[in-house]
Amino acid sequence: MLEDILKRNRDWSDRRNIDEPGFFPRLSDQQAPGFFWIGCSDSRVPANVVAGLDPGEVFVHRNVANIVHSADMNMLSTLEFAVDTLHIREIIVCGHYGCGGVRAATEEFSNNLADHWLEPIRRLARSYAAELAQAPDAETRRDRLAELNVIDGVTRVAETPILQRAWARGAQVAVHGLIYGLKDGRLNDLDCTISRGRPDLEAAQ
Ligand code: CO
């Protein structure tokens, strides 16, 4: 298994070298990605692949059910590096339909760590109980909950002191919410972008 991965890597790097000589030396000098992606750990939603981006083009943080916990040091330190050091202007919180983490948050407690991690989704489910009850079936209800989780994540990222400080000093950074469909491979904009000092985006809001 491991040998297989190493061979695939050699083949990939060889091909890449032929297609674009100088690619690796250029990337090794510096990274200047245009996007910061906060997504789900799900193996079916790899940021680079679904967004059609090359190595070096997207800075990534992933966790179970793409939850933005306001005191998650892992997420916050990645976010801070993205905004303050890499000066990334486009932050994307990306959820996906058919998310196992969202599903787990709609079921009985499992008595493991996931119960704690997924708590914000249970809270959202309680807050939006009336709307969610209108969904015709459980799958539609869970998919709407996945969307609400993304919208909540966008708000939470925007509320961090990291973003508040960045906007206060005039940084042109925007936070977007997308959702990915496992069934069709499409990313959809949830139209919940929060931006300040971005006339191009504010005109569209
Ligand atoms: Co997921």
Side-chain angles (χ1 to χ4, degrees), residues 1-69 72-102 117 146-147 149-150 153-154 157 160 162-163 166 171-193 195 198 200-201 204:
M1 285 285 282
L2 183 62
E3 191 47 50
D4 192 41
I5 290 277
L6 294 173
K7 182 180 183 320
R8 283 167 177 269
N9 165 257
R10 283 192 299 272
D11 292 347
W12 170 78
S13 63
D14 288 348
R15 265 198 318 274
R16 190 81 225 200
N17 249 331
I18 292 166
D19 291 346
E20 193 181 340
F23 176 77
F24 292 112
R26 177 173 61 80
L27 272 189
S28 71
D29 282 344
Q30 68 156 6
Q31 63 166 337
F35 303 91
F36 176 43
W37 174 285
I38 300 173
C40 183
S41 299
D42 194 304
S43 64
R44 298 165 294 181
V45 197
N48 284 76
V49 178
V50 305
L53 295 170
D54 272 334
E57 293 187 320
V58 58
F59 192 61
V60 176
H61 174 84
R62 290 167 72 184
N63 65 47
V64 173
N66 48 274
I67 294 177
V68 177
H69 283 268
D72 174 5
M73 291 303 289
N74 187 351
M75 185 279 295
L76 288 173
S77 51
T78 319
L79 176 67
E80 185 180 75
F81 192 74
V83 173
D84 292 351
T85 303
L86 296 174
H87 305 297
I88 290 175
R89 286 174 39 139
E90 313 292 351
I91 298 172
I92 294 167
V93 178
C94 184
H96 67 103
Y97 297 130
C99 181
V102 172
W117 183 256
E147 293 178 352
N149 180 42
V150 170
V154 168
V157 169
T160 59
I162 296 166
L163 264 289
Q172 298 201 328
V173 55
V175 191
H176 311 275
L178 303 182
I179 193 127
Y180 175 78
L182 293 177
K183 291 177 179 172
D184 61 8
R186 293 300 179 99
L187 284 170
N188 287 299
D189 189 350
L190 289 173
D191 292 323
C192 57
T193 295
S195 65
R198 288 284 296 271
D200 56 323
L201 293 172

Are [X] and [Y] side-chain neighbours, meaning at least one heavy-atom pair lies under 4.5 Å?
X    : Y    : answer
V45  : L182 : yes
D42  : C99  : no
N149 : I67  : yes

message: If we ignore hydrogens and angles and just use 3.5 Å, is the side chain of W37 paired with the main-chain N or O of V58 as donor and acceptor?
response: no

task: Mark yes when over 12 heavy atoms from residues, nucleotides or ligands other than R26 sit less than 6.0 Å from its CZ; otherwise mark no.
output: yes

Tell me every residue that passes salt bridge (Lys or Arg N to Asp or Glu O under 4.0 Å) with [X], counting only those two or more places apart in sequence or in another chain.
X   : answer
R8  : D4
D14 : none
D19 : none

Could you tell me which residues satisfy ring-ring contact (aromatic ring centres under 6.0 Å, His included) with [X], sequence neighbours excluded, listed by chain and number?
X    : value
Y180 : none
F35  : none
F23  : none

With sequence neighbours excluded, tell me which residues meet side-chain hydrogen bond (donor to acceptor under 3.5 Å, both in side chains) with [X].
X    : answer
D184 : none
H61  : N63
R16  : E20, D54
D191 : none

Looking only at non-hydrogen atoms, find the nearest pair between [X] and [Y] and report the distance.
X    : Y    : result
A166 : V173 : CB-CG1, 4.3 Å
T193 : A174 : CG2-CB, 4.3 Å
A65  : V102 : CB-N, 4.3 Å
C192 : V154 : O-CG1, 3.4 Å

To the nearest 0.5 Å, how far apart are [atom1] in [X] and [atom2] in [Y]?
X    : Y    : atom1 : atom2 : value
N66  : I179 : CG    : CD1   : 7.5 Å
D29  : F24  : CG    : CZ    : 14.0 Å
L190 : L178 : CG    : CG    : 7.0 Å
L6   : L2   : CG    : CG    : 4.5 Å
S77  : D72  : OG    : CG    : 8.0 Å
I88  : F81  : CD1   : CZ    : 9.0 Å

field: Pairs involving residues 173-183, ordered by first then second residue, that meet salt bridge (charged side-chain N to carboxylate O under 4.0 Å, His left out) (sequence neighbours left out)
entry: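 Output for this query lists E139-K183.
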
Where at least one partner belongs to residues 78-91, residue pairs that pass side chain to side chain donor-acceptor pair (under 3.5 Å), sequence neighbours excluded: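 Non-adjacent pairs meeting side chain to side chain donor-acceptor pair (under 3.5 Å): D84-R169, R89-Q172, E90-H176, E90-R198.
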
query: Can you list the steps and then say if L79 with L163 is a side chain to side chain contact (heavy atoms under 4.5 Å, CB included)?
result: CA-CA 9 Å; L79 176 67; L163 264 289; 3.9 Å; yes

- request: For the pair F36 and F59, name the ring-plane relationship: parallel under 30°, tilted 30 to 60°, perpendicular over 60°.
  value: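 The arrangement is tilted - the two ring planes meet at 30° to 60°.
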
query: Hey, are R15 and D11 close enough for a salt bridge, meaning a charged N less than 4.0 Å from a carboxylate O?
result: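 Salt bridge flag = no for D11 with R15.
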
